[in-house]
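Worksheet: the structure to be examined is printed underneath.
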Amino acid sequence: YCKYGNFLDALACGDELVHKGATPTVATYNTLIYGFCKWGKMIEARVLFFHMLKKDLEPDLVSYNTLIYGYCRVGNIEEAFHLYDEIRSSDCVVPSVITYNTLIDGLCRSGDLDEAQRLKEVMTCHGFLPDVFTYTILVNGSCKMGDFSLAKDFFDEMLLEGLEPDCYAYTTRMVREMRVGAAYEALHLREEMVEKGILPSLITYNVLIDGLWKSGDYEEAKHLLQKMVQGGFFPDCVTYTCLINYYAEKGQLIEARKLFVDMIIRGLSPS
RNA sequence: UUCCAAUCUGAUAC
C-alpha cells in the first residue's frame, strides 16, 4: 500500500492490526513513513515520526534515512542536513553509506554538484567508502549538469577503487555515452556487461534504443528491440514514447499515430 | 533442516 501511495489503506491496515492486538514496531512505522516520503507528503511523514516517539519507540537509522530521502526529494536540503546533524550528535544512531548517498543525490538533484563532491570526500574522511550507488549518483548528477567529462572520471574512479559496476551503473554510463554521441561505446558497454553476466534491464534497452534512434541508427535500434524481446523484456510506455517522439518531432504524424495505436493494442496505457 | 517472505539510497522518453 505504501509503495503505491494508498495511504488510507495502509493506515487502515495498521489500525486493524492494532485492534487485533498486534503492536507496531519501528519497521512498521518506517514502512508508513516511507510511503509518505515517496509521495512527498513530508508533513504526514513527520507526524508519524513524532507518533512513533510518543509510543516510546526509538527511531532508528532507517527512520532517519527515510526522512532524509523524503526531504531531499522535495528539495528541502536544509531539513535533510538538519536530520543528518541530528544523527551525528546522537548517541544511539550513526549514519551509514546510505545516509551519505541519499544526501549526495539530494545535492545533485538540487544542482549543487560541488557540494555533492565535497560530501563524498567528507564521508570518506568519516570512514565510509563510496560504493557503486555513490558513484552512480555522481555519474548521473554530472551528466544532468552537463559535465560529461566529470561523469567519466567518476565512473573510472569507481573501477579504480575495485568496485564492480552493476546494471544501474552501466546504464547510467550508457546515458553518458549517448549524450556525447558515442552510441557505439554504449553498445560496447552492453556487450561488456553481458559478458560479465550482468543482465541489461528494460531501462538499459530503452536508453540504447532512444540513443540509437536519435542518432539515426535504425537498424541497430531494431536489432536491439529484438534482443530485448528475446531477453524477456517487452517495450513499455517509455520505449514507445522514444519512438513516437522522434516521428512527432519530424512531423511524421501518421507513423507516430501507428505506434501509438500499436501501443494501446498491446495493452499499454499512455502516461 | 537454516529455504522463502518485512522498513532506507542510484539509471531511460515526454
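What you are looking at is a predicted structure, and each value in this text was computed from that prediction instead of being measured. Order of the sequence lines sets the chain letters (A, B, ...), proteins ahead of strands, with each chain counted from 1.
Between E157(A) and K120(A), at least one side-chain nitrogen of the basic residue sits less than 4.0 Å from a carboxylate oxygen of the acidic one, meeting the salt-bridge criterion.
Note on R190(A): every side-chain N or O is 4.0 Å or more away from OP1 and OP2 of rU12(B). Listed pair R173(A) / rG10(B) fails the phosphate criterion, with no side-chain N or O lying under 4.0 Å from OP1 or OP2. Residue K214(A) places at least one side-chain N or O closer than 4.0 Å to OP1 or OP2 of rC14(B). Taking 4.0 angstrom as the limit, Y34(A) places a side-chain polar atom (N or O) nearer than this to OP1 or OP2 of rU9(B). Look at K144(A) and you'll find a side-chain N or O under 4.0 angstrom from OP1 or OP2 of rU12(B).
Here the side chain of N30(A) is nearest to one of rU9(B), rU12(B), rU7(B), namely rU7(B). Proximity note for N140(A) (side chain, C-beta onward) versus rA13(B), rG10(B), rU7(B): the nearest is rG10(B). Side-chain proximity of R73(A) to rA13(B), rA11(B), rG10(B): nearest is rG10(B). Listed nucleotides: rC14(B), rG10(B), rU7(B). Nearest to the side chain of A169(A): rG10(B). Comparing rU9(B), rU12(B), rU7(B) against the side chain of D105(A) picks out rU9(B) as the nearest. Of all nucleotides listed (rC8(B), rU12(B), rA11(B)), rA11(B) comes nearest to the side chain of R109(A). Here the side chain of T241(A) is nearest to one of rC14(B), rU9(B), rA11(B), namely rC14(B). Ranking rA11(B), rU9(B), rA13(B) by closeness to the T102(A) side chain, first place goes to rU9(B).
Heavy-atom contacts from other residues, nucleotides or ligands closer than 6.0 Å to NZ of K196(A) number more than 12. More than 12 heavy atoms of other residues, nucleotides or ligands sit less than 6.0 Å from atom NE2 of H126(A).
R176(A) comes within contact range of no nucleotide atom at all, as no heavy-atom separation falls under 4.0 Å. Using a 4.0 Å heavy-atom criterion, one finds that T171(A) contacts the bases of the nucleic acid, with or without backbone contacts as well. At the heavy-atom level, V238(A) lies under 4.0 Å from base atoms of the strands shown. Among the heavy atoms of the strands lying under 4.0 Å from Y168(A) is at least one base atom, whether or not backbone atoms are also near. Using a 4.0 Å heavy-atom cutoff across all strands shown, D60(A) reaches no nucleic acid atom at all. Across all strands, V62(A) comes closer than 4.0 Å to base atoms (heavy-atom distances). When heavy atoms are screened at a 4.0 angstrom cut-off, I137(A) is found touching the sugar-phosphate backbone but no base atom. Heavy atoms of V132(A) sit under 4.0 angstrom from at least one base atom.
Side-chain contact, T66(A) with S63(A): no donor N or O sits under 3.5 Å from an acceptor N or O.
The minimum heavy-atom distance between Y29(A) and L48(A), with the atom names listed, is CD2-O, 3.8 Å. Closest of all the heavy-atom pairs between R88(A) and P95(A) is CG-CG, 4.4 Å.
Taking atom CG of D166(A) as the reference point, atom C1' of rG10(B) lies 8 Å away to the nearest angstrom. In this structure, OH of Y29(A) is placed 18 Å from P of rC8(B), rounded to the nearest angstrom. Rounded to whole Å, the distance from CG on N245(A) to P on rA13(B) is 10 Å. As rounded to whole Å, 17 Å separates atom P of rU7(B) from atom CG of L48(A). Counting to the nearest Å, the C1' atom of rA13(B) and the CG atom of L212(A) are 14 Å from each other. One atom, CZ of F128(A), and another, P of rU9(B), lie 18 Å apart when rounded to the nearest Å. Atoms CD (E58(A)) and C1' (rU7(B)) sit 17 Å apart, rounded to a whole Å. The separation between M174(A) atom CE and rA11(B) atom C1' is 10 Å, rounded to whole Å.
Between the side chain of T239(A) and the base of rA13(B) there is no donor-acceptor pair of N/O atoms closer than 3.5 Å.
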task = Output, in order, the C-alpha distance, side-chain angles, deciding distance and verdict of side-chain hydrogen bond (donor to acceptor under 3.5 Å, both in side chains) for N65(A) and T99(A).
result = CA-CA 6 Å; N65(A) 285 345; T99(A) 316; 2.7 Å; yes
